[in-house]
Amino acid sequence: MAQRAKDGQPIFAPPAPKVRRPKATVGGVKDPDTLALEADLANKLGVPVEILMQGESGQLVLHYASLEQLDDLLQRIK
């Protein structure tokens, strides 16, 4: 049974925010160009790379397993 306000009107929860699906994916699968770019960057940087698209912008995520790996990554970027 739905909750009701003091005036008897039902109280509705606000709708959940819509999640924007990245343009670089189709049906939750990244397009081949994005996958190739992730692989190329991962090979050059020596750590797993993830590209997250959000419309025209996005995030580049670099995953490291230890502080030593982070130090190595920072040296490669410099």
Side-chain angles (χ1 to χ4, degrees):
M1 182 174 214
Q3 281 188 317
R4 299 211 175 259
K6 289 181 181 179
D7 64 1
Q9 295 295 318
I11 298 174
F12 295 101
K18 290 185 180 179
V19 176
R20 253 197 264 179
R21 179 163 284 183
K23 289 185 178 181
T25 65
V26 177
V29 177
K30 291 182 182 177
D31 74 16
D33 292 334
T34 302
L35 292 172
L37 184 55
E38 285 177 341
D40 187 42
L41 285 169
N43 286 333
K44 287 183 170 129
L45 296 175
V47 296
V49 174
E50 189 175 5
I51 297 173
L52 305 173
M53 299 296 294
Q54 299 162 340
E56 294 296 317
S57 64
Q59 296 178 3
L60 177 63
V61 181
L62 307 174
H63 299 271
Y64 58 90
S66 66
L67 292 178
E68 291 81 19
Q69 195 175 35
L70 175 61
D71 286 338
D72 181 59
L73 174 61
L74 293 174
Q75 290 302 314
R76 290 173 187 246
I77 292 173
K78 289 180 182 178

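Small disclaimer: the values here were computed from a predicted structure and weren't measured.
For E50, the side-chain hydrogen bond (donor to acceptor under 3.5 Å, both in side chains) partners are H63, not counting sequence neighbours. The side chain to side chain contact (heavy atoms under 4.5 Å, CB included) test applied to L35 returns K30, E38, not counting sequence neighbours. L37 meets the side chain to side chain contact (heavy atoms under 4.5 Å, CB included) test with L41, I51; sequence neighbours excluded.
Residue pairs meeting the salt bridge (charged side-chain N to carboxylate O under 4.0 Å, His left out) criterion with at least one member in residues 59-73, sequence neighbours excluded: D72-R76. Listed by first and then second residue, the salt bridge (charged side-chain N to carboxylate O under 4.0 Å, His left out) pairs that reach into residues 39-48 are D40-K44, sequence neighbours excluded.
Summarising the geometry of A42 relative to P48, their closest heavy-atom pair is CB-CA, 4.4 Å, with the distance given to 0.1 Å.
Residues L45 and I77 are in side-chain contact: their nearest non-hydrogen atoms beyond the backbone lie under 4.5 Å apart.
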